[in-house]
Protein chains: 2
Amino acid sequence: MESTTAAEERPASGTARARRPRAATAERREEILSAAMRTFGSRGYHNGSLAEVAEQVGITHAGVLHHFGSKDRLLIAVLEFRDRVDVEHLEGQHIPEGLELFRHLVRTARMNEDRPGIVQAYTAITGESVTDGHPAADWVTERFRVLRESIGTALSEVAAERSVEVDLDRATLDRAASAIIGVMDGLQSQWLLDPEAVRLADSTAFAIEAIMSATLAGSARATLPLAQPEEHTGDS
Amino acid sequence: MESTTAAEERPASGTARARRPRAATAERREEILSAAMRTFGSRGYHNGSLAEVAEQVGITHAGVLHHFGSKDRLLIAVLEFRDRVDVEHLEGQHIPEGLELFRHLVRTARMNEDRPGIVQAYTAITGESVTDGHPAADWVTERFRVLRESIGTALSEVAAERSVEVDLDRATLDRAASAIIGVMDGLQSQWLLDPEAVRLADSTAFAIEAIMSATLAGSARATLPLAQPEEHTGDS
DNA sequence: ATCAACTTACTAACTCGTCAGTAAGTGTGG
DNA sequence: CCACACTTACTGACGAGTTAGTAAGTTGAT
């Protein structure tokens, strides 16, 4: 992040003239960000071109670069913009706590059934981000990290509310939290590819409930002998 | 077109000559497929080039095109090749049934912790496949469909074994099956981006157990009031 | 001698990014 | 209040690079 406002530029006794964006610029930049979201969603980041983004707002690709400098920085800006919009849209300006967070997650899944475009953008970018040196990798990683922490904390709050006496250490909470995030993302992929075959919101709600139940019930006493945490095999 | 000696090749009138590949060709093609798997995994499909694939086996990109015709067909061949290898590697040539399937899924997750390359390839291709007109979309969609059916069937087998008297209709089984597939894929994304923070196999085992438990216990009597299947809100 | 399995050479299409130029907007000194 | 100084917000042209795909020629196995 660099200079935007500060009065640091005073090279000589001269006159520092107008140095601020115009009135309609913020709006125009948001148009570009929306267009970029559409393009990166439908074509992916690498395959989506600046020209296609530019065309949607009626300028050339050089005009887009004028605002964002490079394609990588445009992607980052898109992601940060979505973060801002998503948080603002939340009435209260903060992430819900406790059980309310899980209700929020299910509500979001239900809303997402009516906006496949946004789901597609998130899924495409997240999927691409696992490739080497992808510009969105840091953002996605951090997003996952924050989500894990929020969900883990919310889980322990729910446990406290219900005075469950299972010991919920960080490892257990993280395991459940990453599973919940995973199931949400994984269901989105399946749903995008085959909307008829997958009930996005219902499956999400079901899975979250299942994972919460298992966590609060104490997963160590599971009824199914699947996990063998100590096994290590070192073959090819 | 007068092959007087061999009376074995005469499929129809005219066009087909003696058209057989050489001995080492099958092997060479598999080298190319392995190289393509590596490249598509680390760079993604669109961003990975034929030249990089070719370089790994010591030929030029035109040589790769000689064998597979186009980049799209190479991708399809890679996916079909992995299918064949994965099934062959399974001792028995068929997918396990009943509880054994779930043990197999967890074992696979545990194995995958030692082969991030393959996980990366699957994750990258699956992620990219949700973009418009992607050549892998059909393959991924079909793979999900088959997996949902296998897992759903296995779930009902487990229920029958334990003589659970919950009614497990297709919708319920599909819901659980897609959740299990989702959590496996979603955990892989998180794990690839941050291997220190996510325990791939443990989280997978935990989530599968949780979802199985909830399904067999009858999800309708859940302890958490999250799912509101009839709610429809039409706000912005 | 024929054909698979290449290579070399090439094309046409795209890509992002840079640059110079320009019209229009903005703040300030006088 | 207005002309000048200066910036923003572009356009259009272009460069450098990369890409998949084609066409034609070469070599060596069978």
Side-chain angles (χ1 to χ4, degrees), chain A residues 3-5 7 9-33 35-36 39-40 43-77 133-135, chain B residues 1-6 8-9 15-32 35-36 39-40 43-78 133-135:
Chain A
S3 67
T4 40
T5 49
E9 278 292 344
R10 216 18 90 98
S13 64
T15 49
R17 292 291 131 90
R19 189 173 274 268
R20 130 180 33 138
R22 292 181 196 166
T25 296
E27 209 173 329
R28 165 54 55 101
R29 286 172 129 256
E30 291 196 359
E31 281 178 55
I32 296 173
L33 290 172
T39 289
F40 294 159
R43 310 265 201 221
Y45 171 69
H46 278 297
N47 201 35
S49 71
L50 293 178
E52 184 179 317
V53 174
E55 196 186 22
Q56 293 178 71
V57 297
I59 61 176
T60 65
H61 89 275
V64 174
L65 287 171
H66 164 74
H67 285 289
F68 296 97
S70 76
K71 196 188 180 187
D72 279 19
R73 274 188 282 174
L74 172 61
L75 176 59
I76 301 296
H134 197 280
Chain B
M1 54 175 74
E2 71 282 22
S3 64
T4 49
T5 51
E8 99 249 41
E9 279 288 347
T15 55
R17 304 263 165 81
R19 182 174 269 272
R20 94 202 100 183
R22 284 182 204 164
T25 296
E27 210 173 327
R28 164 57 53 100
R29 285 171 130 254
E30 291 194 0
E31 282 178 55
I32 296 173
T39 290
F40 294 159
R43 310 265 201 223
Y45 170 69
H46 278 296
N47 201 35
S49 71
L50 292 178
E52 184 179 317
V53 174
E55 195 186 21
Q56 292 177 70
V57 297
I59 62 175
T60 64
H61 89 276
V64 173
L65 286 171
H66 165 73
H67 285 290
F68 296 97
S70 77
K71 194 187 182 187
D72 279 19
R73 274 189 281 174
L74 172 61
L75 175 60
I76 302 296
V78 166
H134 196 279

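Each chain gets a letter, A, B and so on, in the order the sequences are listed, and its residues count up from 1. Just so it is clear, the values below take in all heavy atoms, side chains as well, and ignore hydrogens, waters and symmetry mates. Keep in mind that this is a model prediction, so the values were computed, not measured.
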Open item on the list: Nearest whole Å is fine: how far is C:dT15 C1' from A:Glu52 CD?
Closed with: 13 Å
- [ ] Select one nucleotide: of C:dT15, D:dA20, C:dC6, the one nearest the side-chain heavy atoms of B:Arg28.
- [x] C:dC6
Open item on the list: Looking only at the side chain of B:Ala62 (C-beta and beyond, no hydrogens), which of the listed nucleotides C:dT7, C:dG17, D:dA20 gets closest?
Closed with: C:dT7
Task: Reported CG-to-CD1 distance for the pair A:Leu65 and A:Ile32, which is rounded to 0.5 angstrom - done: 9.5 Å
Task: Check: B:Arg29 side chain, B:His67 main-chain N or O, donor-acceptor pair, under 3.5 Å - done: yes
Open item on the list: For the CD atom on B:Glu52, are there more than 12 heavy atoms of other groups (residues, nucleotides or ligands in this structure) within a distance under 6.0 Å?
Closed with: yes
- [ ] Using a cut-off of 6.0 Å, state whether more than 12 heavy atoms not belonging to A:Glu31 lie near its atom CD.
- [x] yes
Task: Spacing of A:Ile59 atom CD1 and A:His66 atom NE2 [to the nearest 0.5 Å] - done: 9.0 Å
Open item on the list: So, taking the atom named CD in B:Glu55 and the one named OG1 in B:Thr39, what distance separates them when rounded to the nearest 0.5 Å?
Closed with: 9.0 Å
TODO: Would you mind reading off the distance between B:Leu50 atom CG and C:dC14 atom P, rounded to a whole angstrom?
DONE: 17 Å
Task: Of residues 53-61 of chain B, the positions that come close to DNA chain D - non-hydrogen atoms, cut-off under 4.0 Å - done: B:His61
Task: Value in whole Å for how far the P atom of C:dT15 lies from CZ of A:Phe40 - done: 12 Å
Open item on the list: Give me the atom names and distance for the closest heavy-atom approach of A:Pro135 to A:Ile76.
Closed with: O-CD1, 3.4 Å
Open item on the list: At a heavy-atom distance below 4.0 Å, what parts of residues 65-75 of chain B sit against DNA chain C?
Closed with: B:His66, B:His67
TODO: May I have the distance from B:His46 (atom NE2) to C:dC16 (atom P), rounded to whole angstrom?
DONE: 13 Å
Open item on the list: Once rounded to the nearest 0.5 Å, what's the spacing between atom NE2 of B:His46 and atom NZ of B:Lys71?
Closed with: 7.0 Å
